[in-house]
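Chain A is the first sequence line, chain B the second, and so forth, proteins listed ahead of strands; every chain is numbered from 1.
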Amino acid sequence: MHKFLAALAVAGAIVLTSNAGSFSAHAADQINIAIIVPLSGPNASVGEQAVNAAKLAVADVNDTGGIKSMGGAKLNLIIADATNDPQGAINTSERVLSQNTVAGAYGLALSPLTTAALPAFVKHHVAVITSAISDTLVTPNNGGYLFQIAPKGSAFGNQQVEFLKFLNATYEMGISKAAILYVNNPYGIATKNGVEQLAKNAGLEIGLDSAYPGDITDASPLVSKIEQSGAQVLFPVSYITDSSLILTALRSANSHVLVIGGGAGFIWPPIGKSLGDKVNGLTSVASWNLDSKNVVADPKLVDVTKRYASAYGTFMPEQAGEAYAGISVLAAAIEAAKSDDPGKVRDALAAIDVKSGGGSLMQPGEVAFDANGANRYVQPVMIQWQSGIPHTVFPESVATSKVVKP
Amino acid sequence: MKRALVIMVVWALFASAGILLRNNYLVSVATSAAFLAVWGQSWNVLGGLSGNISLGHSMFVAVPAYVTILLFQRADVSPLLGALLGIAAAVALAAVIGAATLRLTGPYFSLATLAAGAVVLSLILHYDELTSGPSGIPISFAHDAPEKLEFTNVRAYYLIAITLLAAVTIFLDMIKRSRLGYYIASIKSSEAAAAAAGVRVAWVKVLAFCLSAALTALGGVFYVFFIGFADPNFLAGLALSVKIALIAVVGGTGFLIGPIIGAVFYETIDAVANAYFGAAGGWDVMILGLSVVAIVMTDPRGLCFMAERLWQAIPFRPKESISARGV
Amino acid sequence: MNAINVLAQAVVNGLLIGGVYALVAVGLNLMFGVMKLVNFAHGEFLMMGMYVAVALAGLALPASFIGIYWVAVPAMLIMAVVGACFYLLLLDRAAKFGESPQILLTIGLSIGGQGLAQVLRGSDFKLVPNPINGAALHLGSIYFQVGPAISFIVAIAVTIVMAWILRSTRFGKSARAVAESVETAEMLGIDARRVYMITTAIAIGLVGLAGALVIPYHFTFPNVGQNFVVVAFLAIVIAGLGSVIGAVFGGLLLGVMQSLTAAYLDIDLSTAAIYVLFLAVLLLRPQGLFSRGQRTL
């Protein structure tokens, strides 16, 4: 009897789950694209930035005539929560890809989730554009369906060191000893590897190289270690809470160490809120920034950043910029493929070279992918907070503001 | 024996359903639910039979998974052999923890297992030269290779999972009725009385722990090939440990199939909430948590007991037998 | 930086963060001592206290010392009321459940609470601008971060008050009686359910206070409770379940341990170190460091 009830329960479960989700079949005048990013749990704010921008990008495409090569077909954005763990990411991706005809996708924001879900995309032959930065995502055996619009993690670290060299030269700071503190996850590791790579050649001695757990409640021990190492520059790679804790602990300790942030927590809006005007002068590397030369040069792109700001109450943050560009590139690929067949869209993405429109939001204003799916032209930018907003200050090719001596 | 037969029949039904079903997504969700159920059943050897709530069981998923993958990728050891070694590692770990926590009960035991699990996760993350640390280990393959536990069709993992589930369930049933089962139950009921009656309490406790770990590990080694990625924060994380304990208790630890029902319930609510509310930010998580609260408040013994109460409340239901009513 | 300074600073850092752990642990231990219930949703009540404090801080006074700290008492009182409701609606009935369902109930509440917070307040990270964040006092070459220092002082003050309440007030004596033996207490005319309700109210009120003290220097977001609560669990076991004063020492001890291991060992092992300390105490002295066997509170 119990078994009967059990079987009944399972049958019910099957009925419920099989009807789950929106069925978006092949409507003639609608093309489905999906955005699968964390929308719950500790990384929800990152996912939300991306979704906000994606909605804006889709609206912009649709308002200017949709996909013209397909008779003005409109894009339909399917939004799904990638959750916090690989199993959830796989399930969600599998669901979205099985129950809808999706031309292409954007996701999953974090490297572990993207790595876990990628086989599902390969299996369904759907290309996915990602802002995840791990170098291991763009290796030759990744199946050919992953397109990384962001710079590679190692490039971040490289750029941080280049910027230090620039500062050393420009302001004769004589910095020769560095400390690297990074959050213990693939993002932190990829970035710090980049720093290590270039540090030696730049004549930098690394006095401290240490991972820390992402959920720390107190950064004072970290600061203690920095002081002990005698480092003159700190390359921290942190998320929101830890970046704030580190910076305030450094201030409390009257530390004079120069901070060159590793992105994430150091460039997203919350740190500005936390430090108020004490955030001004802080420098960091970033995947994207709202006032790079390529953005400022195109009034339409400037308008995008303004519309984001007025719609969402904050300057357009990094993850939003990447999502806007990513969705726009996807739309351009569909346009070029003249089809919503995901295989053809994938081929179009592999061959595409975007020089205008939403895709050119990504610096330096041109997007194309190499054989492994890495973005050929993109380089990380260095920003400095000035007047409460991150400004692009380095390298020359993208800078629109001057560095204030930190 | 009759129970085993019923289980096998149900297994056959689900096996054919899985093979025939075209919907890959459903099969995939069913597979993850089945693995979760395997772990729930394994957990229940401790939780239901002996009354100890373990909140660190994910380490018995992670350790064997890592042993299997690392031996395969670094030392070219066949995953089948690696799996055996992985299970042995899990059992060894359980023996150590079981012996150490012999005198602990209730929340003390739970928190000890939670701490042990956290230490295991920390170690996996720290020794990254060996384990690849937080980046995890992807297992990518393009072709079937059964001897490497690599299958391109998710249905292969589905069949493995439900077979494991059926086997573990039958095994659990056998244990319950065996002498070991009675020893375990007697310890749960009163340790002092059991010891007085000659039960070797320490041995039985550690044995129960090892058994629970071994079964969990069995699920774990296949699971990691199913998801194709060893993410330490997930496999050895507190969230998974809590999930395993949660589904067993929600389903009903006193029922043989309790954890299975719990797993089905949890994965269904999770999938449905994610599908309908996922985009809304937080609703899916909220619905999941609050439905757990609702179930516990309705019947703390779990879904199976709730179902039983409902069943017995149906009016005009044919009664068992006249003689039972004492005519 | 000489070695003494490093050690001294590490100890200071540990004590200051330990103060917050202590405040969270006191309520947790009170509930366990009196009601034999481990509240796995305790972190979510901390989170809720933080959101309440942030909402209040946004209302009245400008970003200033008073502006950010006046919310502590109202937040605590509001959370105390929440605690009482928590008891009346859920825990009262759950008292008759076994241990597993109780744990499950609070776990479900924990998960659901995080989701609810995101639904109601969004996923963004909030921090009310204030002059405390980053400010520090200097004593020689040792620095004391102002925010954590204030939390520490309040934690100690609260401990003293709680100790007095438990020893000298009627409620305190009833609570200790109930903690010792419910049946005996009821035989003596003590209304156990009333004691439970007040205990829950105090416990949740205290964790709400902890939340309000933390908002000047720690972001508020739906999952923030998780960062603090696990250490609190460890603290109460190390202290000795039920010992309120012990809970404070447990929190401080763990804070110092965390700080020392981070300062001298690999930082990412510092959390593991706490767990190892916890296991060591649990295995060698299971009744905790501060319970003297018989005493339950």
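Between chain A and the options B:Ile139, B:Leu125, B:Asp128, B:Asp284, the largest number of non-hydrogen pairs under 4.5 Å is found for B:Asp284. Between chain B and the residues A:Ile79, A:Val96, A:Asn84, A:Leu97, the largest count of heavy-atom pairs under 4.5 Å involves A:Ile79. In terms of non-hydrogen atom pairs under 4.5 Å with chain B, the most contact-rich of A:Ala190, A:Ser40, A:Pro186, A:Ser134 is A:Pro186. Of the listed residues (B:Pro232, B:Ser32, B:Ala30), the greatest number of heavy-atom pairs within a distance under 4.5 Å of chain A belongs to B:Ser32. Each of B:Phe277, B:Phe234, B:Trp283, B:Phe265 has some count of heavy-atom pairs under 4.5 Å with chain A, and the biggest count is that of B:Phe234.
At a cut-off of 3.5 Å, with distance as the only test, no side-chain donor of A:Asn100 or A:Arg95 sits close to an acceptor on the other residue. Side-chain contact check for A:Asn52 and A:Glu48: no donor-acceptor pair (N or O, by modelled atom type) lies under 3.5 Å. In the model, A:Ser238 has a side-chain atom that pairs as donor or acceptor with a side-chain atom of A:Tyr212 under 3.5 Å. For the residue pair B:Ser28 and A:Glu94, no side-chain donor N or O sits within less than 3.5 Å of a side-chain acceptor on the partner.
When heavy atoms are compared at a cutoff of 4.5 Å, B:Tyr223 approaches chain A solely by way of its side chain, counted from C-beta outward. Residue B:Asp270 does not touch chain A at all, counting heavy-atom pairs closer than 4.5 Å. Contact annotation for B:Asn274: both backbone and side-chain heavy atoms come within less than 4.5 Å of a heavy atom of chain A.
Legend: side chain to side chain donor-acceptor pair (under 3.5 Å) pairs involving residues 252-263 of chain B, not counting sequence neighbours: none detected.
Contacts of B:Tyr157 classified as ring pair (Phe, Tyr, Trp, His ring centres under 6.0 Å), with partners at least two apart in sequence or in another chain: B:Phe151, B:Phe226. Checked against ring pair (Phe, Tyr, Trp, His ring centres under 6.0 Å), B:Phe225 has no partners two or more places apart in sequence or in another chain.
Remark: aromatic rings of A:Tyr239 and A:Tyr187 are close, center separation under 6.0 Å.
Near-neighbour residues of residues 112-123 of chain A relative to chain B, defined by a heavy atom under 4.5 Å from a heavy atom of that chain, comprise A:Pro112, A:Thr115, A:Ala116, A:Lys123.
The backbone N or O of B:Ala248 lies less than 3.5 Å from no partner atom in the side chain of B:Asn44, so there is not a single donor-acceptor pair. The backbone N or O of A:Gly144 sits less than 3.5 Å from a side-chain atom of A:Arg346, completing a donor-acceptor pair.
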